[in-house]
2 protein chains.
Amino acid sequence: MREDTRTRIQEIALRLFTEQGYEATSLREIAEELGVTKAALYYHFKTKDDIVASLVDLRAAEVEELLDWARSQPKTPEMRRELLRRYADNLMRPRYLEVARFLERNQTALREQPKLVKMRDTMLALTAEMNEPGATAAERISRSLALFALHAGKWLTQESELSDEEITKASLEVAMRLLEP
Amino acid sequence: MREDTRTRIQEIALRLFTEQGYEATSLREIAEELGVTKAALYYHFKTKDDIVASLVDLRAAEVEELLDWARSQPKTPEMRRELLRRYADNLMRPRYLEVARFLERNQTALREQPKLVKMRDTMLALTAEMNEPGATAAERISRSLALFALHAGKWLTQESELSDEEITKASLEVAMRLLEP
DNA sequence: GTCTATAGTTCGATAGAC
DNA sequence: GTCTATCGAACTATAGAC
């Protein structure tokens, strides 16, 4: 049985938005690849922006869940390590990683998307949960960078002979070191 | 005496491309802000893409110079530290940093710009110069991330109460730690 | 060097038939 | 749910006058 059209639109849009950029991808292209006309897309999504919103939703829920968890925990070194582990686990899910990459690459174009603005706030709050009030500038940068290191490994994969697993493991290792005093 | 028009076009384009994105910025907007018509822009630059090329040139020269220097040096820990210092110094120049930010935010839209493709190769070669042949995955990621850490501090500045100097100093500190075994 | 004017194209979005 | 047909608006780029 075939996937429903709505999901297929999301898949194609996600790929094209990531490869070419949001603005550079027209609804005509998406429709053509799906084998329908633009008008059909408008049956499933109110606007082009609505497609993006539906993609953000795929990721936002998990990040917010992670923030809720972090806030329920004491700010200990072990909590920070566990936070990185959980974040790395999320990044392992294929669909999630694809959305993350799409969002990374289209920050400017989507800077006014309300759902994305909210998610950015959530991410910022997440880094805040990794720092005590008295943390130094180097500590703040270092710990924020730790979260980022988990993403960074992924784009190195493209040009490298290393396996996906090696990259994931090594990224987590580097991230963990950034937490150490 | 007024700045020449060509330079003013570059300045306005750089700002708008960074704020709104390359695709989202039309030549009409640039022309309006400059107080001329689109046609005037076409006198100074052959295409919209040509404006980008001229902006990339502002940065590419320094990165290539840095690569040449790195290749002339033995791959020692001290050479890597010195490389970070030089890279951080480059980032301090205002115009250079602005171009870096513009390029970061428009990677997808500009992925086929030949000058940018070349500069990406140069950056990749630069990270390669930071690793011995036998380096582990974690070392490779860590050292590549060190270069990136210098950029990362900059976007944290926006939301922080920290001064620019503190950020720069702290970023270099974090980057240096990423070089350590 | 800068202008007006416009060609040529594409876009997001809608109306209405089936 | 998908189609045809079309709209108004925006875009890049060019031609030619001044």
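Proteins come first, then strands; the chains are lettered A, B, ... in the order of their sequence lines, and each starts at number 1.
With contacts defined as side-chain heavy-atom distances shorter than 4.5 Å, the pair Leu126(B)/Thr122(B) does not qualify.
In this structure, CG of Leu34(B) is placed 14 Å from C1' of dC3(C), rounded to the nearest angstrom. Rounded to an integer number of Å, the gap from Asp4(A) CG to dG1(D) P is 8 Å. Atom-to-atom, CG of Leu41(B) to P of dG1(C) comes out at 14 Å; the value is rounded to the nearest Å. The interatomic distance linking Ile30(A) (CD1) with dG12(C) (C1') rounds to 12 Å, in whole Å. For Ile9(A) and dG1(D), the CD1 to C1' distance is 11 Å, given to the nearest whole Å. Residue Arg8(B) contributes atom CZ, which lies 14 Å from atom C1' of dG1(C) at whole-angstrom precision.
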Determine all donor-acceptor pairs shorter than 3.5 Å in which one atom belongs to a side chain in residues 169-181 of chain B; sequence neighbours excluded.
{"from": "Ser171(B)", "atom 1": "OG", "to": "Ile167(B)", "atom 2": "O", "distance (Å)": "2.8"}
{"from": "Arg177(B)", "atom 1": "NH1", "to": "Glu180(A)", "atom 2": "O", "distance (Å)": "3.0"}
{"from": "Arg177(B)", "atom 1": "NH2", "to": "Arg177(A)", "atom 2": "O", "distance (Å)": "3.2"}

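Between Tyr87(B) and His151(B), the two ring planes are tilted [angle within 30° to 60°].
The pair Glu11(B)-Arg8(B) does not count as a salt bridge, with every side-chain nitrogen at least 4.0 angstrom from each carboxylate oxygen.
Distance check, rounded to the nearest 0.5 Å: CZ of Arg59(A) to CZ of Phe102(A) gives 11.5 Å.
No side-chain N or O of Asn131(B) forms a donor-acceptor pair with one of Glu139(B) less than 3.5 Å apart.
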Pairs: protein N or O with nucleotides 10-12 of chain D N or O, under 3.5 Å:
{"from": "dC11(D)", "atom 1": "OP1", "to": "Ser26(B)", "atom 2": "OG", "distance (Å)": "3.2"}
{"from": "dC11(D)", "atom 1": "OP2", "to": "Arg28(B)", "atom 2": "NE", "distance (Å)": "2.9"}
{"from": "dC11(D)", "atom 1": "OP2", "to": "Arg28(B)", "atom 2": "NH2", "distance (Å)": "3.3"}
{"from": "dT12(D)", "atom 1": "OP1", "to": "Lys48(B)", "atom 2": "NZ", "distance (Å)": "3.2"}
{"from": "dT12(D)", "atom 1": "OP2", "to": "Leu27(B)", "atom 2": "N", "distance (Å)": "3.2"}
{"from": "dT12(D)", "atom 1": "O4", "to": "Lys38(B)", "atom 2": "NZ", "distance (Å)": "3.3"}

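Of the candidate nucleotides dT2(C), dC3(C), dA15(C), dT2(C) has the atom lying nearest to any side-chain atom of Thr5(B).
A close approach under 4.0 Å does occur between a side-chain nitrogen or oxygen of Thr37(A) and OP1 or OP2 of dC3(D).
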